[in-house]
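Data block below; observations after.
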There are 2 protein chains.
Amino acid sequence: MAVADGGFRALDEKSLIEYIRATPALSSLLGDDLRALTVKEVGDGNLNFVYIVISSSGGSIVIKQAIPYIRCIGESWPMTKERAYFEALTLREHGRLCPAHVPEVYHFDRPLSLIAMRYLKPPHIILRKGLIAGIEYPLLAEHMSEYMARTLFFTSLLYRSTSEHKREARSNKFDLNREERWREDATADDICNGKGQQQWGSYKAGKQRRGEKNRSKPAIIAEYCGNVELCRLTEQVVFSDPYKISQYNHWTSPYLDQDAETVREDDILKLEVAGLKSMFCERAQALIHGDLHTGSVMVTTDSTQVIDPEFAFYGPMGFDIGALVGNLILAFFSQDGHSDNGKDRKVYKQWILKTIEDTWNLFHKKFISLWNEHKDGNGEAYLADVYKKPELWFLVQEKYIKDLFHDSLGFGAAKMIRRIVGVAHVEDFESITDAERRAYCEHRALEFAKMILKERQRYDTIEQITSALQNIPS
Amino acid sequence: MAVADGGFRALDEKSLIEYIRATPALSSLLGDDLRALTVKEVGDGNLNFVYIVISSSGGSIVIKQAIPYIRCIGESWPMTKERAYFEALTLREHGRLCPAHVPEVYHFDRPLSLIAMRYLKPPHIILRKGLIAGIEYPLLAEHMSEYMARTLFFTSLLYRSTSEHKREARSNKFDLNREERWREDATADDICNGKGQQQWGSYKAGKQRRGEKNRSKPAIIAEYCGNVELCRLTEQVVFSDPYKISQYNHWTSPYLDQDAETVREDDILKLEVAGLKSMFCERAQALIHGDLHTGSVMVTTDSTQVIDPEFAFYGPMGFDIGALVGNLILAFFSQDGHSDNGKDRKVYKQWILKTIEDTWNLFHKKFISLWNEHKDGNGEAYLADVYKKPELWFLVQEKYIKDLFHDSLGFGAAKMIRRIVGVAHVEDFESITDAERRAYCEHRALEFAKMILKERQRYDTIEQITSALQNIPS
Ligand SMILES: Nc1ncnc2c1ncn2[C@@H]1O[C@H](COP(=O)(O)OP(=O)(O)O)[C@@H](O)[C@H]1O
Ligand SMILES: Nc1ncnc2c1ncn2[C@@H]1O[C@H](COP(=O)(O)OP(=O)(O)O)[C@@H](O)[C@H]1O
Ligand SMILES: [Mg+2]
Ligand SMILES: [Mg+2]
Ligand SMILES: [Mg+2]
Ligand SMILES: [Mg+2]
Ligand SMILES: [Mg+2]
């Protein structure tokens, strides 16, 4: 994983235009007339710079560049810019598995930690902002359950052999710095999607002409071990800092001072969090997104797109499912802070609960369908020969899903807690300007999350969760 | 992990002598007079060739060579000879952590998959043979608990940071083919054991003189992902084959025909085995030996040496503890088959039970001591700041150990089952010549193992296990 820092420079609007002009893969996407490019930095995330680039002829791209520290904190908190490599790798892999819900990657420049991808045009907005605005997305549960079922199932041992999982799932397309190679490899990759033997043939022929050796297959779990710095950031901000005094923690003070202290003193809660943290660090169950909150999803009424997988690694599936569900629950609790501007949020809260139910239930259904469909495939975790009896097959799947449900509840609750008493908060609450009111919403969310984290084993269905939410007195 | 097969040749007694003569690191160990070397192949294991080499001047070494298939089955079952690399790497790492109980590695030749190590001289014998002979080893529990506590603790997240665990624990000493480098590196490694700054200095100076760059730190979990073929062998023979019809399975027929079928039809058993298999494949808890049965331990009354870690990888700690304890329980059940040759085995059976108790209880004690000793170290799994309150610290450790106990029971039971109805059996039973009597011992062991595998959560202490063993009617 030794990549020289050599060649890195942080771009700005001006130097980005020069970079695009000098990079045929990008300039060709933007059309011939490069004199009239408009570039706008729109990064509202915590870590990186994101530019929208539009040409006068109607072409458009998004450029994301990682810098070697955490943007919202500054150079005092260094963070490897290699995260862009893992983001590109994962956009590619998850995009291959679920192209309908992942923006296409056009180009990746490893020395610059720069990704060019499809611009998700307006009316696409960040899901979190839609939830704050009270907008219903009728296809959200359908789409997100599809994304999670496909990306998690196909990168798990239910679909892959252990060898594919640990070592040789596919060849590494990213260890190439010249964009020509990137594009050639993109062609090679198209084959995986069945786009034609012809292109693959000419790709190989080209390589042979130049006398290049076949690159060795890369590590898969092994490769993502390289994203450990981002994992450690999660370990710290999700599983450790909220449970101790930390300079980065904050909360709506003074209202939540007691709540924050109670979290730090809750032995049972901390015992449970330790178990989740171990699972996060040790269990390579699937290639997870790693940061799947409602700020990593862009939506319109028809379209749902998952962005920003820079925290991706082989981890527990429940961490992704829990991130999404936990952030939907945060949105639910924040509604009482948004309901005074003439618009009643009662109906909207019901839509959120329904979306939570549908997301899990559709995920469950789709995941099981994929598993049944591929039960005679490469996956060796549950050999058909051992588990073929229908009632046993059912039993095994029920147990897998039940465990996954409990993991998801645990991780979801941990993610809720950290957004209320940890370093990075969510706009759902932050946008409630009346501090006392905000604190009230946060307090209720925190109590619910603590209860779920400690008692999740007692819940068997998502409806039990949503009715618990329903029954919280105002 | 791409290593050319180029350069490999299977050695025999004669070519081995030539190899030794041509290899200064080895010939110097054996003394000056290489005319009178005696070489004897003693491999009684299932996979590899092992040679004892003795010179007339009193020098001695053991040479182990892996071949690209499974020795006891033949070329029809290919198996990467790269297993020798992981064995060498692990002997080195475990030897560094617990030098008293791991033979020293003198030399490793990766193209030849050849390891030279310390010859464990007579009266060292394989522990399994000692158990069959009814010999008591008063220090066995003390030594094995020490080995397991140290190797498992120091390679876990209780001691290491996540970065050290996944990516950069120590530099890779084995990717060097020239034995001079190996020896230089051995010198460097000695420093880890505190053998003196002087040698380290001259090592570094030597490297600088030759203008060598510091080699980049290797992957750690990532590196061992390369040993996936050996993991898959375990997955197959321990967690899958015994639970289905397989050409390799066998048992004491006809006596155990019904027992074997019952195993294949036991839904609850197979549900539990699936959970253990997932844990084996997904959970990178520590650098485990991977094959820690009583045939991988050589003993005298004073000395206990762990050999043969070719299955090593980052896996669940309980797999090692369970292997040892499960094989001691097999030894216990086999005693009734050995008690007719004039010697009463009642007392010996009590010694085995006591050894099982002591092994676990001493392991527990030592593991917790190491954890307490290093609680302010690099390990981030349980930050002192979060868990500092003494009663919480205690609670957390109790939970960790309880989970580990249940994992160990589960894996131990699975290992017992596979030795009775799977491909590879144990000499403890195989040496009972009367088939009916053997089947009787095996049947009782199998029943016990199935019960433990299904009901292990109900056991809290090792004494509950040994008294269950005690109370089985003859
Ligand atoms: N492909 C895209 N199309 C349109 N807008 C995007 C795209 N990718 C990112 N953005 C915008 O940039 C913001 C930050 O992007 P994100 O990938 O989440 O960066 P960070 O890693 O810093 O959180 C998003 O919230 C979104 O508004
Ligand atoms: N260092 C050693 N000193 C003495 N005998 C050894 C040594 N290593 C292995 N042996 C002998 O060789 C046998 C096979 O070695 P082992 O490493 O278990 O090979 P395998 O991987 O084929 O099981 C052991 O059972 C033991 O009798
Ligand atoms: Mg983001
Ligand atoms: Mg973010
Ligand atoms: Mg991000
Ligand atoms: Mg052996
Ligand atoms: Mg072996």
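Lettering follows sequence order; numbering is per chain, from 1.
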Heavy-atom distances under 4.5 Å only: say whether [X] touches chain B with side chain, backbone, both or neither.
X: A:S278; answer: side chain
X: A:R283; answer: both
X: A:K388; answer: neither
X: A:S161; answer: side chain

What part of [X] gets closer than 4.5 Å to chain A, counting heavy atoms only: side chain, backbone, both or neither?
X: B:T162; answer: both
X: B:C231; answer: side chain
X: B:Q236; answer: neither
X: B:L383; answer: side chain
X: B:K270; answer: both

Tell me whether the count of non-hydrogen atoms from other residues, nucleotides or ligands lying under 6.0 Å of [atom1] in [X] goes above 12.
X: A:Y248; atom1: OH; result: yes
X: B:Y387; atom1: OH; result: yes
X: A:Y159; atom1: OH; result: no

Under a 4.5 Å cut-off applied to non-hydrogen side-chain atoms, are A:D385 and B:I245 in contact?
no

Going by heavy atoms in the side chains, are A:F313 and B:K166 under 4.5 Å from each other?
yes

Quick one: which of A:V273, A:L395, A:V396, A:L271 has the most heavy-atom pairs under 4.5 Å with chain B, could you say?
A:L271

Looking at A:E235, A:E265, A:K399, which makes the most heavy-atom pairs under 4.5 Å with chain B?
A:E235

Among B:S156, B:C281, B:A274, who wins on heavy-atom pairs under 4.5 Å with chain A?
B:A274

Name the option with the most non-hydrogen atom pairs under 4.5 Å to chain A; the candidates are B:M279, B:K389, B:R264.
B:K389

Is B:R232 salt-bridged to A:E380, going by a charged N under 4.0 Å from an acidic O?
yes

Which atoms form the tightest heavy-atom contact between B:C225 and A:I221, and what is the distance?
SG-CG2, 3.9 Å

